[in-house]
Asker: 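The structure follows.
Quick note: numbers below take in every heavy atom, side chains included, and nothing from hydrogens, waters or symmetry partners.
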Amino acid sequence: AGKFSIDDNWYRAEVQKITGDDIQLIFVDYGNVETVKASAVRALPEDFSLTILPKQASHGRLALIRVPGLESDYGVDAAAFLKELVWDKELVATVQYKEDNVSYLSVGDPDTKVPINASLVMNGLARVQRSRSRSAFYDLLVEEQEKAKKNRVNMWQYGDIDSE
């Protein structure tokens, strides 16, 4: 168990790395990571072990899109826009598919009803990944990407970035 600094409560955690007196934890039911002192780590009671109660958090990624890295053109813009879309908001996620213990999600704001994946694409800050399987969600993303290309939004300002 690790003591989370924001609320001083104890939560299930796994040790990620130990550097001197600093211990990096991942809180297995929430997915957040924090570095704490050894005094903020305790043995977990057996009733709460991962063999009895599995981790409640899992790895997830936005489905069917590729966002530029921070070092790339539009990477910082994409990160800032993503923060604006998600920060301090209650969101709803739908698993589109799973692969290698990762859930690929469409994430949306219940107020706007627009998936964040589509918002990034329609604003020219993400591209649609090629997919062998078709779905209504994939078709929506492709449609939004075509609009962004036509209107030369952000990464599409000079034309089709996938062409020669």
Asker: Compute whether any side-chain donor of one residue and acceptor of the other, for Ser135 and Gln96, lie under 3.5 angstrom apart.
Answerer: no
Asker: How many angstroms lie between atom CZ of Phe137 and atom OG1 of Thr94, to the nearest 0.5 angstrom?
Answerer: 8.5 Å
Asker: Could you measure the distance from the CD atom of Glu143 to the CG atom of Asp139? Nearest 0.5 Å is fine.
Answerer: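 One gets 8.5 Å once the value is rounded to the nearest 0.5 Å.
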Asker: Does a side-chain heavy-atom distance below 4.5 Å link Val36 with Ser5?
Answerer: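 Side chain of Val36 against side chain of Ser5, heavy atoms only: no contact under 4.5 Å found.
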Asker: Supply the atom-to-atom distance Leu120 CG to Glu144 CD, rounded to the nearest 0.5 angstrom.
Answerer: 12.0 Å
Asker: Would you compute the distance between atom CZ of Arg12 and atom OG of Ser49 and round it to the nearest 0.5 angstrom?
Answerer: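 Nearest 0.5 Å value for the CZ-OG distance: 8.0 Å.
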Asker: For the hydrophobic clusters of this structure (ILVMFWY residues joined by side-chain heavy atoms under 4.5 Å, transitively), does one cluster hold both Phe27 and Leu53?
Answerer: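 As far as the 4.5 Å side-chain criterion goes, Leu53 and Phe27 are not connected within one cluster.
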Asker: With a 4.0 Å cut-off, would you call Glu146 and Lys150 a salt bridge?
Answerer: no
Asker: Is there a side-chain contact between Met122 and Val114 (heavy atoms, below 4.5 Å)?
Answerer: yes
Asker: Would you say Val121 and Val142 are hydrophobically clustered, going by side-chain heavy atoms of ILVMFWY under 4.5 Å?
Answerer: yes
Asker: What is the distance from atom CG of Leu82 to atom CG of Leu62, rounded to the nearest 0.5 Å?
Answerer: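 Going from the CG atom of Leu82 to the CG atom of Leu62 covers 6.5 Å.
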Asker: Around atom OH of Tyr97, are there more than 12 heavy atoms of other residues, nucleotides or ligands at under 6.0 Å?
Answerer: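 More than 12 heavy atoms, drawn from other residues, nucleotides or ligands, come within 6.0 Å of this atom.
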Asker: For a 4.5 angstrom cut-off between non-hydrogen side-chain atoms, does Tyr74 reach Gln157?
Answerer: yes
Asker: Identify whether Val95 and Val92 are in the same connected component of the hydrophobic contact network (ILVMFWY, side-chain heavy atoms under 4.5 Å).
Answerer: no
Asker: Atom CG of residue position Asn101 - does it have more than 12 heavy atoms of other residues, nucleotides or ligands inside 6.0 Å?
Answerer: no
Asker: Do you know which two heavy atoms are closest between Trp10 and Ser39, and how far apart they sit?
Answerer: CH2-O, 4.0 Å
Asker: Is there a continuous path of hydrophobic side-chain contacts, each under 4.5 Å between heavy atoms, that joins Val107 to Tyr30?
Answerer: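 No, it is not one cluster - the side chains of Val107 and Tyr30 are not joined through contacts under 4.5 Å.
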Asker: Just wondering, more than 12 heavy atoms not from Lys55 lying within 6.0 Å of its NZ?
Answerer: no
Asker: Give the minimum heavy-atom separation between Asn117 and Leu105, together with the two atoms involved.
Answerer: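 Smallest heavy-atom distance, with atoms named: ND2-O, 3.0 Å.
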Asker: Decide yes or no on side-chain contact (heavy atoms from CB on, under 4.5 Å) for Leu50 and Glu14, but give the supporting numbers first.
Answerer: CA-CA 10 Å; Leu50 296 177; Glu14 285 183 342; 3.1 Å; yes
Asker: Between Gln56 (side chain) and Pro54 (backbone), is there a donor-acceptor pair under 3.5 Å?
Answerer: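 Side chain of Gln56 to backbone of Pro54: a pair is present.
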Asker: Do side-chain atoms of Asn151 reach the backbone of Val153 as a donor and acceptor pair under 3.5 angstrom?
Answerer: no
Asker: What is the minimum heavy-atom distance between Pro68 and Asp73, and which atoms define it?
Answerer: CB-O, 3.6 Å
Asker: Can you measure from CG (Asp111) to CD (Glu90) and round to the nearest 0.5 angstrom?
Answerer: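 Those atoms lie 9.0 Å apart.
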Asker: I'd like to know whether Arg127 forms a side-chain contact (heavy atoms from CB on, under 4.5 Å) with Trp156, so could you lay out the CA-CA distance, the side-chain angles of the two residues, the decisive distance to 0.1 Å, and finally the verdict.
Answerer: CA-CA 10 Å; Arg127 293 186 284 172; Trp156 307 107; 3.7 Å; yes
Asker: Count I, L, V, M, F, W, Y as connected when their side-chain heavy atoms are under 4.5 Å apart, and connections chain through other members. Are Phe4 and Phe48 then in the same cluster?
Answerer: no
Asker: Output, in order, the C-alpha distance, side-chain angles, deciding distance and verdict of side-chain contact (heavy atoms from CB on, under 4.5 Å) for Val67 and Leu125.
Answerer: CA-CA 7 Å; Val67 180; Leu125 297 170; over 6 Å; no
Asker: When you measure from the side chain of Lys89 to the backbone N and O of Val86, does any donor-acceptor pair fall under 3.5 Å?
Answerer: no
Asker: Between the side chains of Tyr104 and Gln129, does any donor sit under 3.5 Å from an acceptor?
Answerer: no
Asker: Of the non-hydrogen atoms in Ile23 and Ala38, which two are nearest, and what is the gap between them?
Answerer: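 Shortest heavy-atom contact: CD1-CA, 3.8 Å.
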Asker: Give the minimum heavy-atom separation between Lys98 and Ser103, together with the two atoms involved.
Answerer: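 Where Lys98 meets Ser103 most closely, the heavy atoms are CE-OG, 3.4 Å.
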Asker: Is the shortest side-chain heavy-atom distance between Asp109 and Ile116 below 4.5 Å?
Answerer: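 In short, these two side chains do not touch, never coming nearer than 4.5 Å.
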Asker: Is the backbone of Asn123 close enough, under 3.5 Å, to the side chain of Asn154 for a donor and an acceptor to pair up by distance?
Answerer: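 Looks like yes, one N/O pair under 3.5 Å.
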Asker: Taking all non-hydrogen atoms of both residues into account, name the closest pair between Ile26 and Gln16 and its distance.
Answerer: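 Taking every non-hydrogen atom into account, CG2-NE2, 3.0 Å.
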Asker: Determine, stepwise, if the pair Glu34 / Leu25 fulfils side-chain contact (heavy atoms from CB on, under 4.5 Å).
Answerer: CA-CA 5 Å; Glu34 184 173 39; Leu25 301 175; 5.6 Å; no
